[in-house]
Amino acid sequence: MWLFDRDLWFEIFHTLGKNMFRTFLTMLGVIFAMIILVLLLGSANGMSNGFNKIFAGTASNSLFVWGQQTSMPYKGFERGRRIRYKIEDAEILKKQIPEIEVLAPRIELASHRGTVTVYRNGQTSGSAVYGDYPEIDNITKKKLVEGRFLNQTDMDHSKKVCVIGEETYKLLFDKGEKAIGEDIRINGVYFTVVGIYKPNNNINIDGENAVFIPFTTFQKAFNSGDLMGWMAIAVQENTPVPVVEKQIKDILKAKYDIHPDDERAIGSFDMSEIFNNITAFTTVLQGFSFFIGIFTLLAGVIAISNILLITVKERTKEIGVRRALGATPKIVKRQIVVEAIVLTTFAGLVGFAISVGILSIMDSMWGSGDNFPFVKPMISVPQFFVSFVLMVGLSVLIGLLPANRAVRVRPIEALREE
């Protein structure tokens, strides 16, 4: 097979080695083009991974629904009526909408009582206090620093336990002081601290200065009855959140006699919209990076073609001799094309190695931070494979130009040329 022809490779490396400086300058274009391509793709991937890190622990297919005031009169009710949900609404929604995977009722003390006092040993924290179901942790995950989160036993027995944020701990406890097992007072009611958390990411929905207590305990301690402040909902995978959101609103509008066209009575926030926008942004960024990188690579490969055109001109007599000795146009063309492939491939691999080193340094500097959205900025195997195939393909196409010029050389004219 010609690919393993020893003489062919000897001639190629001899030709490329005759002018090492020019060969090196020729490869620089491809080296820098590959560096730019890999850095752009790696940075785009790193940013995508960074966003995934930021949103880690928050269900991407989730939404929040709460009651507001009606903006339209309906069935004898005047506009401006306050909509307040009840616990039974959660059960109704789960039964009628099978696409709902998790539904966690929530209530906040400030909206129920108006005033909130979180107190311990003469210190207050001004914390927000929430009554929650344990399922809320499946929608907005809390990273526990110490202790545990609320569980079903707490709910079943209405235990007076609480989970506090890091900021709450700093405001109520001295540095280094043990908090687990200690009591704090919320509007005069004692609760035992069973866990300390910090947000799992930068999507800080509840904040670090917050206190979570079992929903059933909230009902009894603060006499909230069957009221519910709002609902945190996770939708089944591959189910569009807006579809479920509309179903929820239609059911609630019918139950609470809200005008079908009233868009203000029920408030909602679709978390999936943020995720979809970020996914679209990173996809476009990756596509743009690949587009710019490929054109930069094309410019580098064209530089190789130009140099090979010059070398073909310089090797006119050599080509004439080979043709006179019986070398077919196919053999001459093949050698020129292989030279282009060897130059491009070697330069591309050198550029790839350099760019991977740069990306590794960037990852070590910024990849472990909590604020900078840049994690594991490396290109994927498919991206490398596609880039490499395109690079080789371009080198073949570009190599055909000097190769065709070489085979057009007539042996008798080449031998006569000075």
Side-chain angles (χ1 to χ4, degrees), residues 57-59 62 64 66 85 87 90 102-201 203-232 234:
T58 302
S62 60
F64 303 88
W66 62 91
Y85 300 134
I87 291 295
V102 178
L103 195 156
R106 308 192 72 188
I107 189 168
E108 185 177 1
L109 186 56
S111 61
H112 177 64
R113 284 291 182 90
T115 59
V116 179
T117 304
V118 180
Y119 174 89
R120 179 183 179 271
N121 291 348
Q123 296 174 296
T124 59
S125 63
S127 308
V129 178
Y130 301 99
D132 271 306
Y133 279 67
E135 288 81 2
I136 189 63
D137 203 39
N138 296 325
I139 301 175
T140 57
K141 189 74 176 176
K142 302 294 185 296
K143 184 183 294 184
L144 290 172
V145 178
E146 190 177 355
R148 64 174 178 83
F149 196 67
L150 306 177
N151 58 37
Q152 193 59 43
T153 302
D154 299 330
M155 290 285 296
D156 294 339
H157 299 282
S158 301
K159 289 187 176 182
K160 292 182 178 179
V161 296
C162 66
V163 178
I164 64 175
E166 273 192 324
E167 186 65 26
T168 309
Y169 168 80
K170 293 175 183 177
L171 293 170
L172 297 179
F173 294 85
D174 296 330
K175 186 176 182 180
E177 186 179 1
K178 178 184 176 183
I180 304 300
E182 298 295 321
D183 291 339
I184 64 173
R185 280 196 298 170
I186 302 174
N187 281 16
V189 181
Y190 283 94
F191 288 85
T192 302
V193 178
V194 295
I196 303 173
Y197 80 92
K198 66 178 180 180
N200 195 45
N201 48 50
I203 306 302
N204 202 341
I205 295 175
D206 300 311
E208 294 183 56
N209 188 14
V211 179
F212 300 93
I213 64 176
F215 196 97
T216 53
T217 309
F218 188 103
Q219 289 176 306
K220 295 178 180 179
F222 305 115
N223 195 29
S224 61
D226 61 350
L227 292 177
M228 171 178 58
W230 72 99
M231 293 169 279

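The figures that follow rest on heavy atoms only: side chains count, while hydrogens, waters and symmetry mates do not. By convention here, the first residue in the shown sequence is residue 1.
Applying the ring-ring contact (aromatic ring centres under 6.0 Å, His included) rule to pairs touching residues 147-178 yields Y169-F173, sequence neighbours excluded.
Note: K170 NZ to K175 NZ = 9.0 Å, rounded to the nearest 0.5 Å. Remark: M155 CE to E135 CD distance equals 7.0 Å, nearest 0.5 Å. To the nearest 0.5 Å, atoms CE (M231) and CZ (F64) are separated by 12.0 Å. Separating the CG atom in L172 from the OH atom in Y119 is a distance of 10.5 Å, to the nearest 0.5 Å. The distance from atom NZ of K178 to atom CD1 of I196, rounded to the nearest 0.5 Å, is 11.0 Å. Remark: N187 CG to L109 CG distance equals 5.0 Å, nearest 0.5 Å.
The nearest pair of heavy atoms linking F222 to I186 is CE2-O, 3.6 Å. Minimum interatomic distance between P134 and Q152 (heavy atoms only, all atoms of both residues): CG-N, 3.9 Å. Taking all atoms of both residues into account, the shortest heavy-atom contact from R120 to D183 is CD-O, 3.7 Å. Taking all atoms of both residues into account, the shortest heavy-atom contact from R148 to V163 is O-CG2, 3.5 Å. Closest heavy-atom contact between G147 and I180: CA-CD1, 4.1 Å. Of all the heavy atoms in I213 and C162, the pair that sits closest is CG2-CB, 3.7 Å.
The closest donor-acceptor contact from the side chain of Q219 to the backbone of G225 lies under 3.5 Å. Panel note: side chain D132, backbone P214; no donor-acceptor pair is recorded below 3.5 Å. In this structure, T217 contributes its side chain and K159 its backbone to a donor-acceptor pair below 3.5 Å. Without hydrogens or angle criteria, K142 side chain to T140 main chain gives a donor-acceptor distance under 3.5 Å. Between the side chain of D154 and the backbone N or O of N151 there is at least one donor-acceptor pair closer than 3.5 Å. T168 contributes a side-chain N or O that, together with a main-chain N or O of A210, makes up a donor-acceptor pair within less than 3.5 Å.
Between I87 and M228, some side-chain heavy-atom pair lies under the 4.5 Å cut-off. Taking the side chain as every heavy atom from C-beta outward, E182 and E177 never approach each other to under 4.5 Å. Using a 4.5 Å heavy-atom threshold, the side chains of S127 and I164 count as separate.
Below 30°, between 30° and 60°, or above 60°: for F215 and Y133 the angle between ring planes is between 30° and 60°, a tilted geometry.
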>> Using the rule given for side-chain contact (heavy atoms from CB on, under 4.5 Å), can you reason through R106 versus Y130, listing the C-alpha separation, both sets of side-chain angles and the distance that settles it, and then say yes or no?
In response: CA-CA 7 Å; R106 308 192 72 188; Y130 301 99; 3.9 Å; yes
